[in-house]
Amino acid sequence: MPYWLMKSEPDEFSIQNLERLGTSRWDGVRNYQARNFLRQMLEGDRFFFYHSSCATPGIAGIGSIQRTAYPDPTALDPDSPYRDARATEAKNPWSAVDVAFVERFDSTLTLARLKAEPALAQMPLVHKGNRLSVMPVSESEWRAILAMR
DNA sequence: GCCAACGTTGGC
DNA sequence: GCCAACGTTGGC
């Protein structure tokens, strides 16, 4: 089963929010490469929940895919900041998935620590300038990160 | 199809 | 708040 990493700004949606809710829609992805990864996700896949653009960026926990990709309703919602004027009901280019809470780490596994781990050197996440918000994680990377908790 | 300009991401 | 890096847009 594939593994993933997804970024969210905790001010918008955090692992604590997901823990409280249990499940949530993961929407608002507006990058084609990230969207294509969303579409590859299978029910039951697990992902690292990454907090970005905050005081302590890093992996804050784990979630799982509860529902595979479907058209992202926020693209059609005039009140949503993720609205895409080019999207229509018949032709919506964007996808969302539903996710479920799995685990919250005792403390955030910081980007600084991830960067310092040789086993993770291949991850796009630790490379300067990387902006991909949804990315695959190899099984060896997944295990290395779990061991760092 | 090239590429400059622009807007956004995200660490610091 | 700054700014480097990147993806997207649009003129040509």
Side-chain angles (χ1 to χ4, degrees), chain A residues 2-21 24-41 45-65 68-138 140-149:
Chain A
Y3 299 105
W4 308 96
L5 180 143
M6 299 207 281
K7 296 179 184 173
S8 177
E9 300 187 17
D11 289 347
E12 295 284 327
F13 187 71
S14 69
I15 189 74
Q16 288 84 359
N17 294 138
L18 183 57
E19 181 172 24
R20 193 172 335 113
L21 294 168
S24 178
R25 188 172 67 209
W26 197 284
D27 56 27
V29 172
R30 294 292 178 270
N31 166 285
Y32 288 106
Q33 202 183 349
R35 181 208 65 183
N36 292 342
F37 285 132
L38 279 184
R39 291 180 175 179
Q40 293 173 30
M41 293 177 174
D45 282 1
R46 279 177 290 166
F47 67 93
F48 287 125
F49 194 129
Y50 182 90
H51 285 173
S52 65
S53 295
C54 58
T56 311
I59 297 173
I62 297 174
S64 67
I65 304 305
T68 56
Y70 57 94
D72 181 351
T74 65
L76 306 172
D77 179 356
D79 297 326
S80 171
Y82 303 119
R83 164 111 199 266
D84 180 352
R86 298 164 304 178
T88 64
E89 197 81 50
K91 252 197 157 170
N92 182 347
W94 302 116
S95 296
V97 297
D98 289 349
V99 301
F101 175 80
V102 173
E103 174 182 339
R104 181 165 59 82
F105 292 175
D106 292 336
S107 61
T108 297
L109 184 43
T110 64
L111 179 60
R113 284 191 61 208
L114 296 169
K115 281 180 169 171
E117 171 51 56
L120 305 179
Q122 303 301 315
M123 289 189 80
L125 183 73
V126 302
H127 296 151
K128 187 179 179 184
N130 170 66
R131 293 165 47 177
L132 191 58
S133 63
V134 180
M135 69 187 77
V137 174
S138 75
S140 63
E141 289 161 351
W142 181 269
R143 278 200 293 258
I145 291 168
L146 286 185
M148 293 172 74
R149 278 177 298 179

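Here is how names work: the chains are called A, B, and so on, in the same order as the sequence lines, proteins then strands, and each is numbered from 1.
- DNA chain B lies under 4.0 Å from no heavy atom of any residue of residues 9-17 of chain A.
- Across all non-hydrogen atoms, the minimal contact from A/L109 to A/R149 is CD2-N, 4.5 Å.
- Here the CG-CD distance, from A/N31 to A/Q33, works out to 6.5 Å after rounding to the nearest 0.5 Å.
- Taking every heavy atom of residues 51-61 of chain A and every atom of DNA chain B, pairs under 4.0 Å involve A/S52, A/S53, A/P57, by number.
- Checked by atom type, the side-chain pair A/R35/A/S95 shows no donor-acceptor distance below 3.5 Å.
- For A/N31, taking side-chain heavy atoms from C-beta onward, the closest of the listed nucleotides C/dT8, B/dC12, C/dA5 is C/dT8.
- When the shell of 6.0 Å around CD of A/Q122 is examined, it contains 12 or fewer heavy atoms from other residues, nucleotides or ligands.
- The closest donor-acceptor contact from the side chain of A/T110 to the backbone of A/G58 lies at 3.5 Å or more, if one exists at all.
- Checked against the 6.0 Å centroid criterion, the rings of A/W4 and A/F47 do not qualify as a close aromatic pair.
- Within the structure, a side-chain polar atom (N or O) of A/Y50 is placed less than 4.0 Å from OP1 or OP2 of B/dG11.
- One axis for each end of the helix from B/dG1-C/dC12 to B/dC12-C/dG1, each built from five base pairs, and the angle between them comes to 10° at 10° resolution.
- Residue A/R30 has no polar side-chain atom (N or O) positioned under 4.0 Å from OP1 or OP2 of B/dG7.
- Ring centroids of A/F49 and A/W26 are separated by less than 6.0 Å, placing the two rings close together.
- The phosphate of B/dG10 (OP1 or OP2) has a side-chain N or O of A/K7 nearer than 4.0 angstrom.
- Taking the six-membered ring for Trp and the full ring otherwise, A/Y82 and A/W94 have centroids separated by 6.0 Å or more.
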